[in-house]
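A note on names: the letters A, B, ... follow the listed sequences, proteins ahead of strands, and every chain is numbered from 1. Worth saying up front: this structure is predicted, and the values here are computed from it rather than measured.
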Amino acid sequence: DAGVIQSPRHEVTEMGQEVTLRCKPISGHNSLFWYRQTMMRGLELLIYFNNNVPIDDSGMPEDRFSAKMPNASFSTLKIQPSEPRDSAVYFCASSPPRGSGGTDSYNEQFFGPGTRLTVL
Amino acid sequence: TQLLEQSPQFLSIQEGENLTVYCNSSSVFSSLQWYRQEPGEGPVLLVTVVTGGEVKKLKRLTFQFGDARKDSSLHITAAQPGDTGLYLCAGGAIYNQGGKLIFGQGTELSVKP
């Protein structure tokens, strides 16, 4: 089975440019999460969706960040304009419906390989 | 706001030693998960504990959920270089806010041969 797919794996861009990160969750999963990881701040939740609907975007740093989930198999995280402080590894994770996998499927999240973003 | 504090943040040990990583909070969680992350990859789920006092074993790894469901520990027996990585604990929000997890800051483990 394919896991969570993220693209691109690496992105280098210049300050002020628009950046779009893409994610394909695991088929059948109904929750999708976007995280940012840095050495200083660890793993931060930016936004998450349930059945394609944004539930909590309180972790989005500012208006330069936006996320969409037009259907159950695709999501994007956009940064416009990008700044050097946005440099980080961005992870997408998906989660199955609660209880769908038995007693152990308790909010379990499956992560993609991440996109390493460098803004010069 | 629910927070999880992990300790220690960094741990460097020799192969064969035992170690324990702690995950503490003042809040109650519906579940507690442990993830392991290797360089260049995303975190991978190791185990989920859901009942207060629950103990789960995964080969040389032992996971325990506190009786009050506010804390957890990960114990590794006879650590091996392959155990090297970032260990993250994550708590399930008590009211299951759409499956949201609260992550600790992580413990960076290095096991030297």
Side-chain angles (χ1 to χ4, degrees), chain A residues 3-6 9-10 21 23 25-26 29-59 69 89-116, chain B residues 1-10 21 23 28-52 54-58 63 65 69 72 85-108:
Chain A
V4 174
I5 298 172
Q6 289 187 247
R9 290 296 311 273
H10 301 273
L21 310 182
C23 175
I26 294 173
H29 285 193
N30 68 337
S31 294
L32 184 139
F33 306 81
W34 281 101
Y35 292 90
R36 178 172 68 176
Q37 187 176 43
T38 61
M39 290 289 289
M40 292 295 292
R41 300 172 70 90
L43 195 63
E44 301 174 275
L45 177 65
L46 300 176
I47 184 172
Y48 71 98
F49 297 83
N50 213 230
N51 296 318
N52 311 337
V53 176
I55 302 299
D56 183 353
D57 66 354
S58 60
M69 191 164 186
V89 181
Y90 291 80
F91 287 103
C92 173
S94 68
S95 186
R98 184 168 176 173
S100 61
T103 56
D104 278 347
S105 64
Y106 228 91
N107 299 342
E108 296 165 340
Q109 294 184 14
F110 296 79
F111 284 76
T115 294
R116 179 172 294 278
Chain B
T1 303
Q2 293 182 294
L3 293 173
L4 271 171
E5 292 187 4
Q6 272 187 251
S7 62
Q9 278 189 282
F10 301 94
V21 177
C23 184
V28 176
F29 291 97
S30 61
S31 65
L32 202 295
Q33 299 173 9
W34 286 91
Y35 291 78
R36 178 165 166 260
Q37 184 180 13
E38 296 191 36
E41 299 180 8
V44 175
L45 179 68
L46 294 174
V47 77
T48 301
V49 284
V50 300
T51 306
E54 183 176 1
V55 177
K56 280 192 174 179
K57 293 191 175 185
L58 191 65
F63 305 85
F65 202 9
R69 291 187 295 149
S72 181
L86 178 68
Y87 289 81
L88 295 156
C89 65
I94 192 67
Y95 295 109
N96 189 27
Q97 301 162 30
K100 178 179 179 178
L101 291 175
I102 311 298
F103 276 87
Q105 286 291 87
T107 294
E108 188 74 54

By a 4.5 Å heavy-atom criterion (distance strictly below it), what part of B:Glu108 contacts chain A: side chain, backbone, both, or neither?
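Contact with chain A involves no heavy atom of B:Glu108 at all.
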Considering only heavy atoms, which portion of B:Leu86 lies under 4.5 Å from any heavy atom of chain A: side chain, backbone, both, or neither?
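The answer is the side chain of B:Leu86.
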Please tell me whether B:Gln33 and A:Gln109 have a donor and an acceptor in their side chains that are separated by less than 3.5 angstrom.
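There is no such pair between these side chains.
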Check ring-ring contact (aromatic ring centres under 6.0 Å, His included) between B:Tyr35 and all other residues, then give those that pass, not counting sequence neighbours.
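For B:Tyr35 the ring-ring contact (aromatic ring centres under 6.0 Å, His included) partners, ignoring immediate neighbours, are A:Phe111, B:Phe103.
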Taking only residues two or more places apart in sequence, or in another chain, which ones meet B:Glu38 in a salt bridge (Lys or Arg N to Asp or Glu O under 4.0 Å)?
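Applying salt bridge (Lys or Arg N to Asp or Glu O under 4.0 Å) to B:Glu38 gives B:Arg36.
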Please report the shortest heavy-atom distance between B:Gly42 and A:Phe91, naming the atom on each side.
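Taking every non-hydrogen atom into account, CA-CE2, 3.3 Å.
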Please give me the minimum heavy-atom distance between A:Met40 and B:Gln105, naming the atom from each residue.
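So the two residues come closest at O-NE2, 4.0 Å.
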To the nearest 0.5 angstrom, please state how far the CG atom of A:Leu45 sits from the CG atom of B:Leu101.
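Between atom CG of A:Leu45 and atom CG of B:Leu101 there are 9.0 Å.
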From A:Ser95 atom OG to B:Lys100 atom NZ, the distance as rounded to the nearest 0.5 Å:
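It is 14.5 Å, given to the nearest 0.5 Å.
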Contact part of [X] toward chain B, heavy-atom cut-off under 4.5 Å: side chain, backbone, both or neither?
X       : result
A:Tyr35 : side chain
A:Arg41 : backbone
A:Glu44 : neither

